[in-house]
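First up is the structure itself, then whatever we jot down about it.
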There are 2 protein chains.
Amino acid sequence: MSLEYAILGFLNYLPLSGYDLKKMFDISVQHFWQADQSQIYRTLAQLTEQGLVEKEVIHQEDRPDRKVYSITPSGQEQLQAWLKIMPPPKPDHSAALIQVFFCGQLSNEEILTKFESMAAMMKVVLQRYQQVPTQLEEYKSMVNSQRETFFWLLTLDLGLRSIRANLEWAESIIEMLKNGKVPAK
Amino acid sequence: MSLEYAILGFLNYLPLSGYDLKKMFDISVQHFWQADQSQIYRTLAQLTEQGLVEKEVIHQEDRPDRKVYSITPSGQEQLQAWLKIMPPPKPDHSAALIQVFFCGQLSNEEILTKFESMAAMMKVVLQRYQQVPTQLEEYKSMVNSQRETFFWLLTLDLGLRSIRANLEWAESIIEMLKNGKVPAK
DNA sequence: TCCTTATATAAGATAAGTCATATATAATAT
DNA sequence: ATATTATATATGACTTATCTTATATAAGGA
């Protein structure tokens with residue numbers, strides 16, 4: 001599980017509660033990692049058991065107590081070690097590609113509609129990506145390091161390149177459909 | 001779940017057993033869908049319950065009985081309907097990107113090593129992809145349709161484009177590391 | 001006044017998939 | 001002679017993640 005390491009990564013900057021962590025995910029890696037709130041809490045519990053993080057309960061009068069987690073030396077070791085290894089590439093089961101694979105069973109018009117809405121969606125995602133750097137300021141105030149922001153921008157860059165590759169692919173298929181290059185049988 | 005529809009897609013060509021299906025996955029969509037044997041059997045059971053496929057037991061003397069599944073009219077309807085909709089884009093949790101995001105905590109030499117082995121791995125994947133069309137013959141003999149093979153090649157094309165985009169990204173980072181473009185702090 | 005958002009954590013149910021293992025036989029390769 | 005591969009299905013245990021719901025309070029907007 002790498003949510004585990006993502007959490008350790010953030011806690012290595014500063015101590016945070018489960019609630020804070022959720023916000024951190026949302027302002028920084030939301031473009032490639034949507035963290036589930038309940039999963040964060042469960043993973044935090046698990047990391048505590050393993051001695052990789054430590055919990056400090058901060059009492060609050062009017063709201064539930066804050067439980068602030070800090071990384072332990074053992075947690076830092078684990079994180080460093082993990083950052084150096086290559087994570088086993090997990091095969092992604094792409095529903096979209098399964099649809100492409102079997103879409104010969106649809107009519108050409110239906111397929112054209114499909115790829116056109118795919119292309120349209122990708123353009124939306126592309127725009128969303130191009131607007132992500134707006135959140136940079138929020139993130140900067142949390143980590144305050146040009147080096148960290150640099151790597152953040154790299155993850156954005158890959159996202160952009162991937163979406164562009166996808167869009168070009170979809171557009172090349174639209175071209176083929178319009179020019180009658182798709183075999184009828 | 002889209003394994004469900006992937007199975008319906010194959011059964012729409014011809015009736016197959018769980019064992020046959022596993023082989024079908026391996027010779028055709030293995031590059032974007034590694035199907036788990038036990039998951040295929042479980043999904044087949046579930047599809048039978050839902051009335052989307054039908055089971056015929058074929059007795060064999062020396063080996064376990066073959067259970068051959070065929071798609072029902074209801075299954076065909078479901079498949080057709082699904083092929084037309086856009087599957088909700090499932091957010092992929094990329095361990096590799098989490099590593100990039102936090103790798104500012106490593107030294108520049110360690111990071112260089114990391115991206116170099118990443119690039120090397122992508123080159124291997126690229127070669128593997130370029131060799132996939134070899135399996136085309138096997139697949140052709142199963143479906144015998146130029147239209148179907150065309151869409152198969154499209155899924156390969158996307159794979160190639162994506163890997164190339166990834167590789168270019170990794171190489172651009174290697175360049176930056178070598179030219180001292182990575183902030184020290 | 002009422003609704004939403006923010007603050008904060010947690011647990012039950014369910015889904016989807018992976019891993020390991022079990023059963024049984026025949027053919028092929030080393 | 002021995003080991004592996006092919007044929008064929010199935011289940012138990014486990015992991016990871018998602019969805020839903022619960023609890024509690026305060027501030028701010030319509």
Side-chain angles (χ1 to χ4, degrees), chain A residues 1-8 15-27 29-30 32-50 53 55-69 82 87-95 98 138, chain B residues 1-8 15-27 29-30 32-50 53 55-69 82 87-95 98 138:
Chain A
M1 199 203 2
S2 25
L3 173 60
E4 205 177 317
Y5 294 103
I7 289 176
L8 287 178
L16 296 164
S17 70
Y19 190 79
D20 298 334
L21 273 164
K22 171 63 177 157
K23 280 193 294 182
M24 276 299 254
F25 274 92
D26 288 346
I27 62 166
V29 296
Q30 143 270 130
F32 67 90
W33 197 295
Q34 255 87 47
D36 185 84
Q37 174 262 336
S38 55
Q39 192 64 14
I40 288 174
Y41 284 102
R42 270 189 250 259
T43 305
L44 239 16
Q46 185 197 302
L47 286 169
T48 309
E49 259 182 65
Q50 293 172 259
V53 303
K55 178 164 61 171
E56 194 201 348
V57 180
I58 290 166
H59 183 63
Q60 295 187 133
E61 288 296 300
D62 43 3
R63 296 174 195 170
D65 293 351
R66 270 173 73 78
K67 294 179 185 171
V68 177
Y69 295 84
W82 181 75
K90 80 145 192 249
D92 62 318
H93 290 178
S94 165
I98 280 290
E138 243 179 305
Chain B
M1 198 202 4
S2 26
L3 174 60
E4 205 177 317
Y5 295 103
I7 289 175
L8 288 178
L16 296 164
S17 69
Y19 191 80
D20 297 335
L21 274 164
K22 171 65 177 156
K23 280 192 293 182
M24 275 300 253
F25 274 93
D26 289 346
I27 61 166
V29 295
Q30 145 268 132
F32 66 91
W33 198 296
Q34 254 87 49
D36 185 84
Q37 175 260 336
S38 55
Q39 194 63 11
I40 289 175
Y41 284 102
R42 272 190 247 259
T43 305
L44 239 16
Q46 182 197 305
L47 286 168
T48 309
E49 260 181 64
Q50 293 173 258
V53 303
K55 178 163 62 171
E56 194 200 349
V57 180
I58 290 164
H59 183 65
Q60 295 186 129
E61 288 296 302
D62 42 5
R63 295 175 196 171
D65 292 352
R66 270 172 73 78
K67 294 177 184 174
V68 177
Y69 295 84
W82 182 76
K90 81 143 191 253
D92 61 317
H93 290 176
S94 166
I98 280 290
E138 241 178 307

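The model shown is predicted, which means the values in this text are computed figures rather than measured ones. Naming convention: chains lettered A, B, ... in sequence-line order (proteins, then strands); numbering from 1 in each chain. Heavy atoms only: backbone and side chains are in, while hydrogens, waters and symmetry mates are out.
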> Going through the distances and angles, do A:Phe25 and A:Ile40 end up as a side chain to side chain contact (heavy atoms under 4.5 Å, CB included)?
Replying inline: CA-CA 10 Å; A:Phe25 274 92; A:Ile40 288 174; 4.1 Å; yes
> Can you name the side-chain contact (heavy atoms from CB on, under 4.5 Å) partners of B:Asp65, sequence neighbours left out?
Replying inline: B:Val57, B:His59
> When the distance from NZ of B:Lys22 to C1' of D:dA6 is rounded to whole Å, what number comes out?
Replying inline: 14 Å
>> Just to verify, what does B:Tyr19 make a ring pair (Phe, Tyr, Trp, His ring centres under 6.0 Å) with, not counting sequence neighbours?
In response: none
>> Which residues pass the salt bridge (charged side-chain N to carboxylate O under 4.0 Å, His left out) test with A:Asp26, not counting sequence neighbours?
In response: A:Lys22
> Rounded to the nearest Å, what distance is computed from the NZ atom of residue B:Lys90 to the P atom of nucleotide D:dT16?
Replying inline: 16 Å
> Atom OH of A:Tyr5 and atom C1' of D:dT16: how far apart are they, to the nearest Å?
Replying inline: 15 Å
>> Classify B:Lys23 by what it touches in the nucleic acid, base, sugar-phosphate, or nothing, heavy-atom distance under 4.0 Å.
In response: sugar-phosphate
> Could you state the CG-P distance from B:Asp92 to D:dT16, rounded to the nearest angstrom?
Replying inline: 17 Å
> Can you name the side-chain contact (heavy atoms from CB on, under 4.5 Å) partners of B:Gln50, sequence neighbours left out?
Replying inline: B:Glu4, B:Gln46, B:Leu47, B:Leu52
> Is there a residue in residues 38-45 of chain A whose heavy atoms reach under 4.0 Å of DNA chain C, and which residues are they?
Replying inline: A:Ser38, A:Tyr41, A:Arg42
>> Between the opening five pairs and the closing five pairs of the helix from C:dT1-D:dA30 to C:dT30-D:dA1, how far apart are the helix axes, to 10°?
In response: 30°
> What are the bounds, 5' to 3', of the part of DNA chain C that sits under 4.0 Å from heavy atoms of chain B?
Replying inline: C:dA16 to C:dT25
>> Tell me the interatomic distance from A:Met1, atom CE, to D:dT18, atom P, rounded to whole angstroms.
In response: 12 Å
> In whole Å, what is the span from the CD atom of B:Gln46 to the C1' atom of D:dT9?
Replying inline: 17 Å
>> Under the rule for side chain to side chain donor-acceptor pair (under 3.5 Å), what residues qualify as partners of A:Ser17, not counting sequence neighbours?
In response: A:Asp20
>> According to ring pair (Phe, Tyr, Trp, His ring centres under 6.0 Å), who are the partners of B:Phe32, at least two apart in sequence or on a separate chain?
In response: none
> Are the side chain of B:Lys90 and the backbone of A:Ala95 linked by a donor-acceptor contact shorter than 3.5 Å?
Replying inline: no
> What's the CD-P distance between B:Glu56 and D:dT9, to the nearest Å?
Replying inline: 13 Å
>> The criterion is side-chain contact (heavy atoms from CB on, under 4.5 Å); which residues satisfy it with B:Asp36, sequence neighbours excluded?
In response: B:Ser38, B:Gln39
>> Let me spell it out: for each of B:Gln37 and B:His93, pick the nucleotide of DNA chain D with the closest heavy atom. Which residue's pick is nearer the 5' end?
In response: B:Gln37
> Can you tell me how far CZ of A:Arg66 sits from CD of A:Glu56, rounded to the nearest 0.5 angstrom?
Replying inline: 10.0 Å
